[in-house]
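Worksheet: one structure, shown below.
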Amino acid sequence: MSPDDAQTLAERAEAVQRSAGDDAPGVPSPCTSVCRMSSRSGFCEGCLRTLPEIAGWSRMEDAARRGVWRAIELRARAGLWRIPEPSGDKHA
């Protein structure tokens with residue numbers, strides 16, 4: 001994920017949260033069709049969800065889905081998806 005992708009995802013998350021209470025038909029999935037889990041961060045490299053969030057999405061109520069979107073926003077803004085590669089130096 002690039003910083004631009006993270007910014008776009010955070011903005012999408014904000015928009016979904018703002019729509020709470022609107023007559024929207026439901027909360028959209030954050031899936032971006034980049035279904036690849038990072039072994040370093042534990043987040044999907046496309047949508048920044050965890051495996052339990054992905055697996056449970058279809059059974060969640062809209063309030064819980066908005067909670068996942070809020071978590072995605074926080075992860076994207078905090079840069080939690082940018083876990084550095086190990087340097088190989090065990091003394092660093």
Side-chain angles (χ1 to χ4, degrees):
M1 176 171 288
S2 72
D4 287 341
D5 292 339
Q7 177 66 29
T8 299
L9 191 56
E11 290 169 1
R12 276 185 68 205
E14 285 180 330
V16 167
Q17 292 170 77
R18 278 194 308 268
S19 71
D22 290 352
D23 291 331
V27 178
S29 171
C31 183
T32 61
S33 297
V34 179
C35 304
R36 187 173 50 244
M37 298 304 290
S38 167
S39 61
R40 299 223 176 269
S41 71
F43 302 124
C44 172
E45 293 179 11
C47 67
L48 298 181
R49 288 185 290 173
T50 63
L51 280 174
E53 290 167 346
I54 293 166
W57 185 264
S58 64
R59 295 181 307 280
M60 289 180 188
E61 300 286 331
D62 282 353
R65 288 178 177 184
R66 284 190 183 89
V68 171
W69 271 108
R70 176 68 176 144
I72 290 168
E73 177 191 359
L74 294 173
R75 292 167 189 156
R77 295 208 184 281
L80 295 180
W81 46 273
R82 286 188 271 194
I83 306 296
E85 293 292 324
S87 66
D89 183 359
K90 296 181 187 205
H91 302 288

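No experiment lies behind these values; they were computed from the predicted model shown.
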(message) Assess whether a salt bridge exists between E73 and R77, defined as any Lys/Arg side-chain N lying under 4.0 Å from an Asp/Glu carboxylate O.
(response) yes
(message) For S2, give me all partners under side-chain contact (heavy atoms from CB on, under 4.5 Å), at least two apart in sequence or on another chain.
(response) D4, D5
Check: [X] side chain, [Y] main-chain N or O, donor-acceptor pair, under 3.5 Å:
{"X": "S38", "Y": "F43", "value": "no"}
{"X": "E53", "Y": "R49", "value": "no"}
{"X": "R36", "Y": "G46", "value": "no"}

Side-chain heavy atoms of [X] within contact of [Y], under 4.5 Å:
{"X": "V34", "Y": "C47", "result": "no"}
{"X": "L9", "Y": "R75", "result": "no"}
{"X": "W57", "Y": "P30", "result": "yes"}

(request) Among Ile, Leu, Val, Met, Phe, Trp and Tyr joined by side-chain contacts under 4.5 Å, find the other residues sharing a cluster with L51 and list them by chain and number. (result) M37, I54
(message) Let me confirm one number: the CZ-CE distance from R66 to M60, rounded to the nearest 0.5 Å.
(response) 13.0 Å
(message) How close do C44 and C35 get, counting heavy atoms only, and between which atoms?
(response) SG-CA, 4.2 Å
(message) I'd like to know whether L74 forms a side-chain contact (heavy atoms from CB on, under 4.5 Å) with W69, so could you lay out the CA-CA distance, the side-chain angles of the two residues, the decisive distance to 0.1 Å, and finally the verdict.
(response) CA-CA 9 Å; L74 294 173; W69 271 108; over 6 Å; no
(message) Which residues pass the side-chain hydrogen bond (donor to acceptor under 3.5 Å, both in side chains) test with R12, not counting sequence neighbours?
(response) none
